[in-house]
Amino acid sequence: MRSLSRSELTAFALLVLVMVLWAGNFIIGRAVRDDVPPLTLSLIRWTGASLLLLPFAWKGLERDWPLLREGWKSVLALGVIGIGGFNALLYSGLHNTSATNALLLQAAVPAGVLVFDRLVNKVRHPTMQRLGVAVSTLGVVVIVFQGDPVHLLTLHLGAGDVLVLSAVICWAFYTVWLRHAPKVAPLSLLAATFLIGVVVMAPFALIEHLAGERIVWSAGTLGAFAYVCLFPSIVAYLIYNWATRILGAGRAGQAITLMPLFGALLSTALLGEAIHGYHFAGMGLILAGIVTSALAGRSQATGA
């Protein structure tokens, strides 16, 4: 094991903020499920985020356009899978499963990242990092089954859960594929992928509209739009993309296991749900796993 550099410590600290913002996105996506069609919500999210971002990213986009055009396949993959696909599947899933279930299913992301990193990038992750992922995943399992293995017998995945798991696969691939993105300014890459997300989502949102699904406008709906356009989109994606470059896909992806922890805390604070002993046991395992992976060190991950 080795000590962490200042940039690594900063990346881990900022990833905590990202997980809080994304946990809030799950709760809001579930809260407005009866007021906003899921694909429409995704389109509004990325349209709003693009409009907020473009004034700051425009000059960079013009400067970086040759590199973006040269690496268009990677940019397209990131935009279609990580922006359009992930969010469409997530918001659709939240219409048919609880925010808690969706957050807990995100625990599959770190394992998916390690698998894709091995298959796509030929990266061999150190044993301690794999152990850390296993420990964090065990922590989520403890929370899912409320500390009682008997609950495994009643496990059932509904349609919403399957959609969320599909979103998990999209996110694991997005995390791993970030290393293939063109070497451009962060705002340029973000703006390009956001715009691709808008183009991908527009026809699906139109289909929803033609099918008679409408937004129920209210102050709460407007507040939800403002939140999803800014915080889990621009702020969180900028930090996550940067942290992935600093830490590597495996260690950055493992931070996703913090989302159930923050989701439980937010549900307690905002929805009045109770926290039990198994929550604390699971949270302890999650944090222990993340620390183990963090100290394993990126430098130990090697190519095939």
Side-chain angles (χ1 to χ4, degrees), residues 7-32 41-54 56-57 78-79 81-91 93-94 99 102-103 105-107 109-110 112-113 164 167-168 170-179 181 185-198 201 223-249 251-263 265-266 270 290:
S7 62
E8 288 174 316
L9 287 170
T10 301
F12 277 116
L14 289 175
L15 280 174
V16 172
L17 172 61
V18 170
M19 298 311 134
V20 173
L21 297 177
W22 279 344
N25 180 51
F26 276 66
I27 291 174
I28 284 179
R30 178 65 177 169
V32 301
L41 177 58
S42 186
L43 176 63
I44 289 174
R45 175 182 179 180
W46 298 117
T47 301
S50 297
L51 292 174
L52 290 171
L53 186 62
L54 277 175
F56 304 97
L78 291 170
I81 295 172
I83 306 298
F86 170 77
N87 289 276
L89 291 166
L90 173 62
Y91 288 142
L94 285 169
L103 283 162
L105 289 170
Q106 296 299 297
V109 167
V113 168
V164 173
V168 163
C170 287
W171 190 257
F173 182 84
Y174 173 85
T175 299
V176 166
W177 201 254
L178 278 171
R179 72 184 295 174
L187 287 181
S188 299
L189 179 63
L190 210 61
T193 54
F194 282 11
L195 289 170
I196 291 171
V198 171
M201 292 313 308
F225 290 161
Y227 180 86
V228 300
C229 289
L230 179 58
F231 296 107
S233 301
I234 297 174
V235 176
Y237 270 76
L238 271 174
I239 296 173
Y240 187 81
N241 290 359
W242 173 79
T244 300
R245 289 197 299 272
I246 297 297
L247 301 173
R251 290 197 293 167
Q254 192 181 352
I256 298 289
T257 52
L258 285 170
M259 286 176 61
L261 188 160
F262 292 125
L265 295 177
L266 288 173
L270 301 176
I290 290 175

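Quick note: residue numbers are just sequence positions, from 1.
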Next on the checklist: Run the side chain to side chain contact (heavy atoms under 4.5 Å, CB included) test against A167 and tell me which residues pass, sequence neighbours left out.
Outcome noted: F86, L89, L90
Checklist outcome for this item: Looking only at heavy atoms, the pair that brings A224 and I28 closest together is CB-CG2, 3.6 Å
Checklist entry - Residues in side-chain hydrogen bond (donor to acceptor under 3.5 Å, both in side chains) with T47, at least two apart? => result none
Checklist entry - Is the closest side-chain heavy-atom distance between W177 and I81 below 4.5 Å? => result no
Checklist outcome for this item: For V198 and S50 the tightest heavy-atom approach is CG2-OG, 3.8 Å
Checklist outcome for this item: Across all chains, not counting sequence neighbours, the side chain to side chain contact (heavy atoms under 4.5 Å, CB included) partners of V168 are Q106, A108, V109
Checklist outcome for this item: For F231 and L21 the tightest heavy-atom approach is O-CD1, 3.5 Å
Item to check | Flag side-chain contact, heavy atom, 4.5 Å: I234 against F194 | outcome: yes
Item to check | Residue pair R45 / S233: nearest heavy atoms and the distance that separates them | outcome: NE-OG, 2.7 Å
Checklist entry - How far apart are the closest heavy atoms of L238 and P186, and which atoms are they? => result CD2-CB, 3.9 Å
Item to check | F262 vs F26 side-chain heavy atoms within contact, under 4.5 Å | outcome: no
Next on the checklist: Do I196 and I83 make a side-chain contact, defined as non-hydrogen atoms from C-beta onward lying under 4.5 Å apart?
Outcome noted: no
Checklist entry - Which heavy-atom pair separates L15 from A252 by the least distance, and what is that distance? => result CD1-CA, 4.0 Å
Item to check | Min side-chain heavy-atom separation F12-V16 under 4.5 Å | outcome: no
